[in-house]
Amino acid sequence: MRLSAMGDVAMTVPILRAFVNQYPEVKLTVISRPFFKPFFEGIPNIHFCAFDEKKRHKGSLGLLRLFEDVKKQDIDAFADLHNVLRSKVVRTLFTLSGKKTAYTDKGREGKKALTRAENKVFMPLSTVFERHVKVFEVLGFPLDLSNPIFPQKANLNKEIVNLIGTDNQKLIGIAPFAQYDSKVYPLDLMQEVIHQLAEKRDYKILLFGGGKKEIEILDSISSSKDNIINMAGKMKFQQELQLISNLDVMVSMDSGNAHIAAMLGVKVITLWGATHPYAGFAAFNQSLENALISDRKKYPMLPTSVYGNKIVSGYEKAMRTITPERVVLSVHSQLVD
């Protein structure tokens, strides 16, 4: 069970791919929001149970119904990969029914020590993936993530091909936005990155985002060159996943787009502001060199937040220490044949 957020749900996918490969005789039931169902399509032995927050599974009685709905799948064990109030209720019901249960330890104390201003303990914590693996170990299913399996690139339908063309160019995805401003690379610097990359005619830059304001910004950026295309608002979510699977590299903030690309086996370059990969949220199977981090010599209190929701005065310009040239060089390095 993992209900939200998008990036966190995406981070469960490599774990479950490893599970079905190493335990093909075991059936998995995934409980999550219906919007995330495409993440799990094509993975064998997975049954998807949609969490209906507004109607059937709303409130305490709804969680009891969710338990009853899932129990029909002949559940032998329950893995709580969310560890919040809702999942705890369902987990407790399975425990009381005699089933084995386990939950993800979020390591809150370690994260507090990493992000506090005084007496900071700057050291890498267990990754989310390692924490999830421990859950399955408790349930009797140790997992090996050393040789991850990824899906093949999806066949792009005519709608997508008509949008991006058929030129034999390297496809670079750029997702410039994030939920919190402290995680967003300054727009003027991102524009510089995009324009430098677009100078290479064998590159095609595809911009990702959502919402009216973001679409307007990306439309403005993409209008400057014909090898920059704004994809925001032009595709269904399933089509977006198909397109991302065909990228040669994705440039993203510490956000859901990074985790979606990583779960599909795409090379990912992440940009970090108030947050830091040491908190355990680095994209799956990516080199630490691909995580471009703001300068801690100039901003020694970094990271100041686990999720980017805390604003520290004087640290608003921390991401400006990541130069556009550094980002562009990182992209080039990933596209060397």
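Sequential numbering from 1 along the given sequence is applied to the chain's residues.
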*Would you name the heavy atoms of A117 and M301 that are closest together and state the gap between them?*
CB-SD, 3.4 Å

_I15 and L143: CA distance, side-chain angles, deciding distance, side chain to side chain contact (heavy atoms under 4.5 Å, CB included) verdict_ = CA-CA 8 Å; I15 306 295; L143 295 174; 3.8 Å; yes

*Output, in order, the C-alpha distance, side-chain angles, deciding distance and verdict of salt bridge (Lys or Arg N to Asp or Glu O under 4.0 Å) for R33 and E53.*
CA-CA 8 Å; R33 299 181 186 275; E53 180 180 21; 2.7 Å; yes

*Does L16 belong to the same Ile/Leu/Val/Met/Phe/Trp/Tyr cluster as L3, with side-chain heavy atoms less than 4.5 Å apart forming each link?*
no

*Give the C-alpha distance, both sets of side-chain angles, the deciding distance and a yes or no for salt bridge (Lys or Arg N to Asp or Glu O under 4.0 Å) between K213 and E216.*
CA-CA 5 Å; K213 183 179 179 181; E216 289 176 354; over 6 Å; no

*So, the side chain of R86 versus the backbone of V89: is there a donor-acceptor pair under 3.5 Å, distance only?*
no

*For T101 and T95, does a side-chain donor sit closer than 3.5 Å to a side-chain acceptor?*
yes

*Hey, could you give me the CD1/CD1 distance between I174 and I269, rounded to the nearest 0.5 Å?*
9.0 Å

*Compare every heavy atom of I31 with every heavy atom of V70, then report the nearest pair and how far apart it is.*
CG2-CD1, 3.5 Å

*Measure the acute angle between the ring planes of F122 and H276, then classify it against the limits of 30° and 60° as parallel, tilted or perpendicular.*
perpendicular

*Any donor and acceptor pair, going by atom type alone, linking the side chain of K99 with main-chain N or O of F94 inside 3.5 Å?*
no

*Hey, does the side chain of N21 reach the backbone of R17 with a donor-acceptor pair shorter than 3.5 angstrom?*
no

*Beyond-backbone contact of K100 with F78, side-chain heavy atoms, under 4.5 angstrom*: no

*Worked verdict on R131 versus L125 for side chain to side chain contact (heavy atoms under 4.5 Å, CB included)*: CA-CA 10 Å; R131 295 180 188 278; L125 304 176; 4.1 Å; yes

*Heavy-atom side-chain contact between F208 and E240 under 4.5 Å*: yes

_From CA spacing to verdict: side chain to side chain contact (heavy atoms under 4.5 Å, CB included), N83, R91_ = CA-CA 9 Å; N83 197 14; R91 186 175 85 220; 3.3 Å; yes

*So, for P142 and E137, which heavy atoms are closest and what is the spacing to 0.1 Å?*
CA-CG, 3.8 Å

*Crowding at CG, D188 (>12 non-hydrogen neighbours, <6.0 Å)*: yes

_Neighbour count >12 (heavy atoms, 6.0 Å) for atom NZ, K298_ = no

*Report the C-alpha separation of Y23 and N45 in whole Å, then their side-chain angles, then the decisive distance to 0.1 Å, and conclude whether the side chain to side chain contact (heavy atoms under 4.5 Å, CB included) test is met.*
CA-CA 10 Å; Y23 301 98; N45 293 343; over 6 Å; no

_Would N309 and S305 count as a side chain to side chain donor-acceptor pair (under 3.5 Å) here? Give the steps._
CA-CA 7 Å; N309 55 337; S305 175; 3.2 Å; yes

*Give the minimum heavy-atom separation between Y307 and T275, together with the two atoms involved.*
C-CG2, 3.7 Å

*Can a donor-acceptor pair be found between the side chains of S330 and S333 at a distance below 3.5 Å?*
no

*Is the Lys NZ or Arg CZ of R56 less than 6.0 Å from the centre of F51's six-membered ring, within 45° of the axis?*
no

*For K27 and Q73, does a side-chain donor sit closer than 3.5 Å to a side-chain acceptor?*
yes

_Interatomic distance, S252 atom OG to N257 atom CG [nearest 0.5 angstrom]_ = 5.0 Å

_Hydrophobic clusters here meaning ILVMFWY residues chained together by side-chain heavy-atom distances under 4.5 Å, can you tell me if L156 and F150 are in one?_
yes

*Does a salt bridge link E159 with K236, judged by any charged N lying under 4.0 Å from a carboxylate O?*
no

*What about L189 and I205, same hydrophobic cluster or not, with Ile/Leu/Val/Met/Phe/Trp/Tyr joined at side-chain heavy-atom distances under 4.5 Å?*
yes

*For T104, the option from K134, H132, R2 that meets side chain to side chain donor-acceptor pair (under 3.5 Å)*: H132

*For the side chain of E316 and the backbone of G314, is there at least one donor-acceptor N/O pair under 3.5 Å apart?*
yes

*Between D69 and H57, do the side chains contain an N or O donor and an N or O acceptor separated by less than 3.5 Å?*
yes

*Is any side-chain heavy atom of H259 closer than 4.5 Å to a side-chain heavy atom of F284?*
no

*Find out whether M6 and F36 are in side-chain contact, i.e. whether some heavy atom of one side chain is under 4.5 Å from a heavy atom of the other.*
yes

*So, S255 side chain and A178 main chain: donor-acceptor pair closer than 3.5 Å or not?*
no

*Examine distances only and state if a side-chain atom of D52 and a backbone atom of K58 form a donor-acceptor pair shorter than 3.5 Å.*
no

*Flag side-chain contact, heavy atom, 4.5 Å: L241 against F39*: yes

*Nearest heavy-atom pair of N246 and A154: which atoms, and what distance?*
ND2-O, 2.9 Å

*Could you check R201 against D226 for salt bridge (Lys or Arg N to Asp or Glu O under 4.0 Å), going step by step and ending with a plain yes or no?*
CA-CA 10 Å; R201 300 304 299 172; D226 59 8; 2.6 Å; yes

*asked:* Counting neighbours of NZ on K111 that are heavy atoms of other residues, nucleotides or ligands and sit closer than 6.0 Å, is the number greater than 12?
replied: yes

*asked:* Check the orientation of F141 and F19. Use parallel for under 30°, tilted for 30 to 60°, and perpendicular for over 60°.
replied: tilted

_Please determine whether the number of non-hydrogen atoms from other residues, nucleotides or ligands lying under 6.0 Å from atom CG of N155 exceeds 12._
no

*Cationic tip of K183 within the cone over Y180's six-membered ring, i.e. under 6.0 Å and within 45° of the normal?*
no

_Candidate list N227, D167, D248, test side chain to side chain donor-acceptor pair (under 3.5 Å), partner K204, passing option_ = D167

*After noting the C-alpha distance and the side-chain angles of K88 and D80, does the key distance pass the salt bridge (Lys or Arg N to Asp or Glu O under 4.0 Å) rule?*
CA-CA 8 Å; K88 288 177 180 178; D80 180 359; over 6 Å; no

*Linking I/L/V/M/F/W/Y whenever their side-chain heavy atoms sit closer than 4.5 Å, directly or via other members, would M250 and L292 fall into one cluster?*
no

*Minimum heavy-atom separation for G273 to S294, with atom names?*
CA-OG, 3.7 Å

*Does a sphere of radius 6.0 Å around CG in D219 hold more than 12 heavy atoms from other residues, nucleotides or ligands, not counting ones at 6.0 Å or beyond?*
yes

*Do I322 and Y299 share a hydrophobic cluster, counting only Ile, Leu, Val, Met, Phe, Trp and Tyr and linking them when any side-chain heavy atoms are less than 4.5 Å apart?*
no

*Do the non-hydrogen side-chain atoms of T304 and Y315 ever get within less than 4.5 Å of each other?*
yes

*asked:* Can you confirm whether M1 sits close enough to C49 that some side-chain heavy atom of one is under 4.5 Å from a side-chain heavy atom of the other?
replied: no

_Residue pair T12 / F40, side-chain heavy-atom distance below 4.5 Å_ = yes

*asked:* Side chains of D254 and T270 only: does a donor on one sit below 3.5 Å from an acceptor on the other?
replied: no

*asked:* More than 12 heavy atoms of other residues, nucleotides or ligands under 6.0 Å from CD of E68: yes or no?
replied: yes

_Can you confirm whether L329 is buried at CG, in the sense that more than 12 heavy atoms of other residues, nucleotides or ligands lie under 6.0 Å from that atom?_
yes

*Would one find more than 12 heavy atoms of other residues, nucleotides or ligands at under 6.0 Å from atom CD of E25?*
yes

